[in-house]
Amino acid sequence: MTRASPPHRRALKVALAIVGAALVLTIAAMAIKPSWLGERLRAQVEAVATRSLGRKVTIEKLDAHLLPTPGATITNLRAEGAGSEPPFLQASRVTATVQLWPFLRSLGKDVRVGSVHLVEPTLNLVHHGDGSWNHETLERPPASPSGASGGDTAIEHLHIRDGVVRVMDQASEGRPAVVALQDIDADLNHVGPGHPLEGKVRMAVAAPKQNVELDLKVDSLPRSLPQAGQPWPQVTARLKSKDMSVSAFRRFLPASATEYFTAGALDVDADLKTDQGHYVLSGHGAAKGLRLRGDAANGSFAFDSRVDPHQPKTAKVSFTQIALSGPGLELGGTASAQLEPARVRFSLAGKELDLGHLLGAMPARSASEEARPPATPLISKRAGIGKVDMAGTLHLATLRHGALTVSDVDVQATLDDGALVLQRGTANVYGGRANITGSRVDFTKAQPEWSLRATLDGLDTAKAFQALTGHSSLQGAASGDLQLSGAGLDWERVRNQMTGTGTLRLRDGVYTSTDLGATVAPAVSQGLEALGKKATSESVRKAGQGTHFKDLDARFRIQGGWASFTQPMAFDSDLGKGTLDGRVSLDERLELKGTVQASQQFVSGLTHGTVPIKAPVSVPITITGTVKDPQVKAGSPTDIAQGLLPAVPVPKELEGPANQARKGLENLFQKRPREK
């Protein structure tokens, strides 16, 4: 005979039977009327999403299903933007599943999302005119709608495929939103406050295909933004990027410097970890085909940054092991950058820098490129960084441009609105020293515009002329000052467009291309003969000895390809003092006129001292031809004789014919009409 079940066991059986019956009835009800589940889910999903994003979320259609897993497929999910802004988030298709038991137990009130699949979602980020972003208001979501669940909202698994992030800058009127990130694929687990987040993200950044990989772990997402004194979550991440277009980051530069970067790709490998409440980012990078203006170069660097999450704008990044190499370029050193205040510091040194390779003209852009808006994924708003405090030092063993070579270059410079300004600059130039402090180069122009401020001391002109022109026509130690302005670095173009002023002082020099004495001596001899004085032909100098200068001083203005004297150039040579006026072209042509005051010693030497000279003799000269091959002409014998009149005394015994000749010359000079 079977013993009767105890009362509590019978009660348990009855309860289980009731629950089972209720479950069966519930499942049956949902199976019979799936629209009830779809409508319930639609309301819950809209409420949860609205509460999570702080934006009104709408769903055009939701198709619910119970088997094999409860969930829904959403068509046209849309999270509204503020005012006239585009939708903050859009997705053409979203598939979501929910955990069955919590949903049934609460009769549809407790919705726990199991997984969410977003296909081709688009996130629109708007940069406001005041510098704020539309996503910043997500930190202040609106109050929960009535009837919505007040518990934590979490997604166990979030999958994103073919996502896109667009950026719109309200400060640039008429500029359309541009793609910042694309081909975004993400697989994340435990997405929600209070849950440990982990997962992987793959995307395309400044590239036509996926080139960035991010693996991350967060110990627990905060329920709200941590306040001062509250800890931030522990984060561990690994970032790898490859072939990111350097030109896509031009908009982070001051507005006038956006055209610097015309080519190049960047690779980065970095680790992020948490250390004593700070986030530490470190790694290394490499640049390939980097082109600032001229020829492409390659480079590498290491970086390290420590960020206080409570004060992210004070973050500073240090770059070490910087190495740049390319045609005419070999540099290395360190640099640092911080966000607020915007500041960049650098210290670079190298063996060689060729300006011809580095500072070439901008590559020509086609008509279609000119008409097309910049294909940059970054914002054009740069008001906050338009005045970056950029400064540093540059030390070079050799600096070249064409035939010009300088050494031991020591520069301290700042970058002001796209222009490099030398606060201090010195260099060795052909045996002398040059101070180029105050010089400036504006890189923002198609042809770099420059202004040179230079003080030269002890320049070996023989070395300089030999290097720059192929001949050492002028020898000596030169000093002077230059203030020149021009555009570009192609000498054939620069010399005709360059303008400026300068001074030149030459001490103990020699002009090897001509001997003024060989030209002046015959002219003076003919003048002496016109006055009845015979000069000895043996005393006439022969060309090839050159003209020796004790001192030469010139002031000039450069314009239209010529250096024109602003006042007659004065010199003191081995045959006497003189002046020259006129101009010298920058391609070495000469157009000079002047006067040599032949010294008493020089003129007396022509007669072996038989004719005493009371004063220097004025000899007009004209110099044409080129610096290498000058053509020197002295004045006519009549002009020379006129200059000899006050210098040559006539003895009484020779007053007859000589005085007649002198008087004839005097009468001739007095009657000669003045030149108009």
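- Counted within 6.0 Å of NZ on K288, heavy atoms from surrounding residues, nucleotides or ligands total more than 12; the atom is thus considered enclosed.
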**Q.** Evaluation steps, side-chain contact (heavy atoms from CB on, under 4.5 Å), between L396 and V411
**A.** CA-CA 9 Å; L396 295 170; V411 170; over 6 Å; no
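- A donor-acceptor contact shorter than 3.5 Å is absent between the side chain of S407 and the backbone of A397.
- Rounded to the nearest 0.5 angstrom, L355 CG and L329 CG are separated by 10.5 Å.
- Not counting sequence neighbours, the partners of R93 by the side chain to side chain contact (heavy atoms under 4.5 Å, CB included) test are T73, T95, V119.
- Judged purely by distance below 3.5 Å, without hydrogens or angles, the side chains of S347 and T334 never pair a donor atom with an acceptor atom.
- If you take CZ on R78 and NZ on K56, they are separated by 10.5 Å, rounding to the nearest 0.5 Å.
- In terms of modelled atom types and a separation under 3.5 Å, the side chain of T236 and the main chain of K273 share no donor-acceptor contact.
- Remark: side-chain polar atoms of S245 are not paired, donor with acceptor, to backbone N or O of A265 under 3.5 angstrom.
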Q | From CA spacing to verdict: side-chain contact (heavy atoms from CB on, under 4.5 Å), L399, L353 | A | CA-CA 5 Å; L399 177 66; L353 180 63; 4.0 Å; yes
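- Taking a cutoff of 4.0 Å between a charged side-chain nitrogen and a carboxylate oxygen, R161 and D187 qualify as a salt bridge.
- Contact between D162 and D185 at its shortest, heavy atoms only, is N-OD1, 3.0 Å.
- In this structure, CD in Q412 is found 7.5 Å from OG1 in T393, a value given to the nearest 0.5 Å.
- Here the CD atom belonging to Q230 is positioned 7.5 Å from the NE2 atom belonging to H310, to the nearest 0.5 angstrom.
- Rounded to the nearest 0.5 angstrom, R238 CZ and L216 CG are separated by 13.5 Å.
- In this structure D410 satisfies the side-chain hydrogen bond (donor to acceptor under 3.5 Å, both in side chains) test together with H395, R424, sequence neighbours excluded.
- Of all heavy-atom pairs spanning D354 and H401, the tightest one is OD1-CA, 4.2 Å.
- Within a 6.0 Å radius of CD in Q423, more than 12 heavy atoms belonging to other residues, nucleotides or ligands are found.
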(Q) Under the criterion side-chain contact (heavy atoms from CB on, under 4.5 Å), I'd like the reasoning laid out for K61 against D63: C-alpha separation, chi angles, the key distance, then a yes or no. (A) CA-CA 7 Å; K61 182 180 180 182; D63 295 322; 3.2 Å; yes
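- Within the 4.5 Å cutoff, the side chain of L239 has heavy atoms near those of the V212 side chain.
- Put simply, the side chain of L331 does not reach to within 4.5 Å of the side chain of I322, judged on heavy atoms.
- Side-chain contact between D389 and R345: present, with at least one pair of heavy atoms (C-beta onward) separated by less than 4.5 Å.
- Judged by distance alone, with hydrogens and angles left aside, the side-chain atoms of N211 form a donor-acceptor pair with the main-chain N or O of V205 at under 3.5 Å.
- With rounding to the nearest 0.5 Å, the separation of OG1 in T398 from CD in E330 is 10.5 Å.
- Taking V344 as the reference, A337, V388, M390 meet the side chain to side chain contact (heavy atoms under 4.5 Å, CB included) condition, with sequence neighbours excluded.
- Checked for salt-bridge contact, E213 and K200 miss the test: no charged N lies under 4.0 Å from a carboxylate O.
- With sequence neighbours excluded, no residue forms a side chain to side chain contact (heavy atoms under 4.5 Å, CB included) with S325.
- Note: F303 and F301 have tilted aromatic rings, judged against thresholds of 30 and 60 degrees for the angle between ring planes.
- Here the shortest heavy-atom pairing between S220 and P233 reads O-CB, 3.3 Å.
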Q | side-chain contact (heavy atoms from CB on, under 4.5 Å) assessment of E120 paired with I160 | A | CA-CA 8 Å; E120 298 180 349; I160 298 175; over 6 Å; no
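- Between the D442 side chain and the P448 main chain, no donor and acceptor come within less than 3.5 Å of each other.
- Taking the side chain as every heavy atom from C-beta outward, L188 and V201 approach each other to under 4.5 Å.
- A salt bridge links R306 with D275: at least one charged nitrogen is closer than 4.0 Å to a carboxylate oxygen.
- P309 and P312 get closest at one heavy-atom pair: O-CD, 3.4 Å.
- Taking the side chain as every heavy atom from C-beta outward, L125 and N134 approach each other to under 4.5 Å.
- Evaluated for a side-chain contact (heavy atoms from CB on, under 4.5 Å) with V235, the options D219, V280, L272 yield exactly one hit, L272.
- Pairs of residues two or more places apart, or lying in two chains, never qualify as ring pair (Phe, Tyr, Trp, His ring centres under 6.0 Å) while including a residue from residues 200-226.
- The minimum heavy-atom distance between I155 and L158, with the atom names listed, is CG2-N, 4.1 Å.
- Nearest approach of H190 to P196, heavy atoms of both residues: CB-O, 2.9 Å.
- Counting only heavy atoms from C-beta outward, the side chains of L281 and V307 never approach each other to under 4.5 Å.
- The closest donor-acceptor contact from the side chain of S241 to the backbone of V268 lies under 3.5 Å.
- Taking 4.0 Å as the cut-off between side-chain N and carboxylate O, D267 and K240 do not count as a salt-bridged pair.
- Applying the side chain to side chain contact (heavy atoms under 4.5 Å, CB included) criterion to T122, with sequence neighbours excluded, gives N124, V164, R166.
- Using cut-offs of 30° and 60° on the angle between ring planes, the pair Y279 and W232 is perpendicular.
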